[in-house]
Amino acid sequence: MDTSSQPHDSKASVSLAAAGLRLYDTADHQVTPFRPIEPGKVGIYVCGATVQSSPHIGHIRTTLAFDVIRRWLLRLGYQVTLIRNVTDIDDKILTKAAANGQRWWERAYIYEREFTHAYETMGVLPPTYEPRATGHIPEMIDLIQRIIDRGHAYVVPDEQGRPSGNVYFDVASWPEYGALTHQQTGTQPADEQAAANDRLGPSIDTDGQNNDTEEEPGKRDPRDFALWKAPKPTDPPTARWQTPFGTGRPGWHLECSAMSHRYLGADFDIHGGGLDLRFPHHENEMAQSHAAGWGFAHRWMHTAWVTQKGEKMSKSLGNGLSVDQVLSQHPAWVVRYALVSVQYRSMLEWSDQSLQEAEGAYERISNFVDRVGRILGAQPERDRVTGLDADDLPEDFVQAMNDDINVSGGLAALYALIRQANAAMDADSETPDRKWLANALLQVRAMLDVFGLDPLDPHWAGAADNHDDRAMNTLDALVGQQLQERNQARKDHDFARADAIRDQLTAAGVTVADTPAGSTWDLSR
């Protein structure tokens with residue numbers, strides 16, 4: 001992916017528009033003014049993939065949502081540090097690797113590359129850093145010891161009284177447990193929105209990851225969760241680490257607390273992820289990090305589900321669409337538009353209609369950009385598009401994006417300017433106001449870039465070239481087969497059949513030339 005013309009995580013100064021940014025906080029259930037911990041800088045930690053199998057649309061929605069949030073923060077002038085982790089060891093990875101005759105780390109890397117390819121194809125800006133869980137075992141051991149020393153975790157001994165490798169967070173020792181999801185018992189969601197969302201079905205992101213309820217010897221309370229897990233007999237030797245608490249491997253929740261602290265510090269601005277992760281993952285992250293004495297995330301942001309026919313997209317329901325499957329049928333720009341055109345906290349219904357609307361949007365937008373470019377005789381340079389300050393964008397667009405990233409309102413403002421510019425060109429096609437039109441084009445492309453959808457971004461131009469190459473390869477295979485049949489017909493002296501094949505190709509716009517070396521073809525001019 002060519003990122004040379006993408007927005008960069010640094011700006012000269014924060015725009016005036018930044019003062020109006022308001023974001024929802026899952027913990028407070030309120031949209032409140034956003035004020036970063038350090039002026040001019042924003043630190044974000046987003047829970048990334050557990051690389052057990054191929055990515056699907058439900059996974060990518062969260063990544064794209066935070067890509068748009070990040071792009072808007074950059075447009076406001078903030079320097080953004082975004083950390084997106086990779087969970088490369090867990091029960092599912094180990095089980096599936098063994099079932100398929102793979103080494104667990106081999107399987108994890110295969111699917112890590114698939115996720116990376118999906119992110120790049122969909123135009124996601126690369127994170128500032130993408131740490132793997134297995135690369136941060138020392139930090140996890142230090143964190144566990146810190147929590148134990150502060151009286152909020154315990155080591156389970158084995159039959160000989162030695163550390164067994166099982167370490168649990170002591171929920172009863174932490175009265176603040178449940179602060180994120182406002183649960184009374186620590187086991188059931190209390191707020192109505194969360195309950196309604198959870199009734200939609202099994203999680204896509206937590207499928208099989210939270211196995212703390214399986215084989216939990218020595219737990220004092222059902223609510224306690226694993227910080228470190230003793231290995232199962234089936235776990236390979238390479239999936240075990242020696243620690244003061246015994247041999248084992250990290251608990252799922254522990255990983256993100258250790259990695260966010262390593263790269264963002266004890267306090268950072270935003271922790272994000274899918275709504276699936278709200279409980280127990282993020283609730284447990286918050287508890288263990290605060291119990292360690294860290295301030296941790298100051299704001300929690302969660303994306304809602306992708307649904308199909310009202311059901312949450314889920315592998316267990318059999319309705320998960322792989323990214324490769326969708327991209328084989330639709331251009332990446334269209335798929336991205338369909339996924340980012342709904343505000344991140346709203347359910348996104350995935351359907352043929354949403355993709356058709358996205359295709360219509362591409363045609364409308366690209367036609368407008370081409371039309372203005374032809375009238376002006378040039379397009380604004382990509383650096384001008386990425387560098388346009390939020391203060392120089394239409395006020396209604398800025399207000400919408402500052403209202404908890406209201407992309408629907410932002411798109412409405414975008415299309416309003418397109419309609420206005422089209423009307424101006426229709427009314428005065430001979431001598432349009434070129435200065436106003438040039439500024440309108442610059443603003444439209446800059447607004448599109450906030451969504452990662454500027455059609456003249458070199459990333460999309462490259463994708464179009466790749467799509468054309470694939471189409472030509474497919475056409476070459478199909479025409480080649482026809483020419484083989486025609487050559488065989490000529491050898492068989494079935495000239496009527498040979499002429500019929502040539503006529504069919506000619507009618508389809510394919511010119512056939514017979515040479516001493518054989519038949520060749522080209523598209524008719």
Side-chain angles (χ1 to χ4, degrees), residues 25-27 44-52 58-59 61-63 65-66 83-93 131-133 136 140 143-144 147 152-153 167-169 171 174 176-183 185-191 194-195 197-198 200-214 216 222-229 249-261 264 268 270-292 294 296-297 299-305 312 314-316:
D25 188 340
T26 304
I44 305 174
Y45 185 91
V46 178
C47 283
T50 296
V51 286
Q52 55 167 300
H59 296 125
R61 195 267 168 107
T62 292
T63 306
F66 280 96
I83 306 300
R84 184 184 68 221
N85 75 294
V86 174
T87 296
D88 59 344
I89 184 168
D90 87 327
D91 287 347
K92 282 281 187 176
I93 293 173
R132 296 189 186 110
H136 297 78
M140 295 180 203
L143 173 55
I144 292 173
I147 298 172
H152 299 297
V167 185
Y168 295 104
F169 184 85
V171 171
W174 190 248
E176 297 176 21
Y177 188 82
L180 176 61
T181 52
H182 305 286
Q183 301 185 53
T185 66
T187 58
Q188 296 296 327
D191 64 276
N197 290 336
D198 290 338
L200 282 172
S203 163
I204 55 171
D205 293 321
T206 62
D207 180 30
Q209 291 175 331
N210 184 41
N211 289 332
D212 292 343
T213 58
E214 299 178 5
E216 300 173 309
R223 299 176 300 168
D224 295 351
F225 57 89
L227 300 178
W228 197 257
K229 303 171 71 171
R249 54 187 170 86
W252 175 40
H253 314 299
L254 183 79
E255 300 170 357
C256 289
S257 288
M259 288 185 283
S260 62
H261 183 266
L264 295 173
F268 57 94
I270 297 171
H271 194 316
L275 196 59
D276 301 74
L277 304 180
R278 187 188 69 258
F279 183 85
H281 185 46
H282 287 166
E283 187 72 76
N284 292 352
E285 272 190 69
M286 174 189 277
Q288 67 197 10
S289 296
H290 286 174
W294 302 339
F296 205 50
R299 185 179 299 264
W300 292 83
M301 300 176 69
H302 292 93
T303 58
W305 322 134
K312 181 165 57 175
S314 165
K315 292 178 182 178
S316 59

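In what follows, every heavy atom counts, from backbone to side chain, and hydrogens, waters and symmetry copies are set aside. On a predicted model such as this, the values are computed, not experimentally measured, just so you know. Each residue takes its place number in the sequence, starting with 1.
Between the side chain of His182 and the backbone N or O of Gly178, no donor-acceptor pair lies under 3.5 Å. Under a 3.5 Å cut-off, the side chain of Asp224 and the backbone N or O of Val171 do form a donor-acceptor pair.
Nearest heavy atom pair, residue Gly48 against residue Asn85, reads N-OD1, 2.8 Å. Residues Pro250 and Glu255 share a closest heavy-atom pair of CG-OE2, 3.9 Å. Nearest approach of Leu143 to Ala258, heavy atoms of both residues: CD2-N, 3.9 Å. Minimum interatomic distance between Ser260 and Phe296 (heavy atoms only, all atoms of both residues): OG-CE1, 3.3 Å. Heavy atoms only, all atoms of each residue included: Ala304 and Arg61 are closest at O-NH1, 3.0 Å. Counting all heavy atoms, side chain and backbone alike, Ala292 lies closest to Ile147 at CB-CG1, 4.0 Å.
Under the 4.5 Å side-chain criterion, counting only non-hydrogen atoms from C-beta, Ser257 is not in contact with Met140. With a 4.5 Å cut-off on side-chain heavy atoms, Ile83 and Pro131 count as touching. Considering only heavy atoms from C-beta on, Tyr45 comes within 4.5 Å of Cys256 through its side chain. At a threshold of 4.5 Å between non-hydrogen side-chain atoms, the residues Phe169 and Leu254 do not count as touching. In this structure, Thr63 and Arg84 have side chains that are in contact, with non-hydrogen atoms separated by less than 4.5 Å. Here the side chains of Thr303 and Phe66 are in contact, with some heavy-atom distance below 4.5 Å. With contacts defined as side-chain heavy-atom distances shorter than 4.5 Å, the pair His261/Ser289 does not qualify.
Using cut-offs of 30° and 60° on the angle between ring planes, the pair Trp300 and His282 is tilted. Ring geometry for Phe279 against Tyr177 counts as perpendicular: the plane angle is over 60°, on a 0 to 90° scale with 30° as the lower cut.
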*Go through the steps for Gln288 and Leu227 under the test side-chain contact (heavy atoms from CB on, under 4.5 Å), then give the verdict.*
CA-CA 9 Å; Gln288 67 197 10; Leu227 300 178; 3.2 Å; yes
*Just do the side-chain contact (heavy atoms from CB on, under 4.5 Å) check on Arg299 and His271 with the steps written out, would you?*
CA-CA 6 Å; Arg299 185 179 299 264; His271 194 316; over 6 Å; no
*Let me see the working for Asp90 and Trp252 under side-chain contact (heavy atoms from CB on, under 4.5 Å), right down to the final yes or no.*
CA-CA 7 Å; Asp90 87 327; Trp252 175 40; 5.9 Å; no
*asked:* Thr26 vs Met301, test: side-chain contact (heavy atoms from CB on, under 4.5 Å). Steps then yes/no.
replied: CA-CA 6 Å; Thr26 304; Met301 300 176 69; 5.5 Å; no
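Summarising the geometry, atom NE2 belonging to His281 is positioned 10.5 Å from atom CZ belonging to Phe225; distances are rounded to the nearest 0.5 Å. Remark: Arg223 CZ to Tyr168 OH distance equals 15.5 Å, nearest 0.5 Å. Distance CE/Met286 to CG/Leu180: 4.5 Å, rounded to 0.5 Å. Thr87 contributes atom OG1, which lies 12.0 Å from atom CZ of Arg132 (distance to the nearest 0.5 angstrom). In this structure, Thr62 OG1 and Leu275 CG are separated by 9.0 Å, a value rounded to the nearest 0.5 Å.
A salt bridge links Lys229 with Asp91: the closest approach of a Lys/Arg side-chain nitrogen to an acidic carboxylate oxygen falls below 4.0 angstrom.
The closest side-chain donor-acceptor pair between Glu283 and His253, if any, does not fall under 3.5 angstrom.
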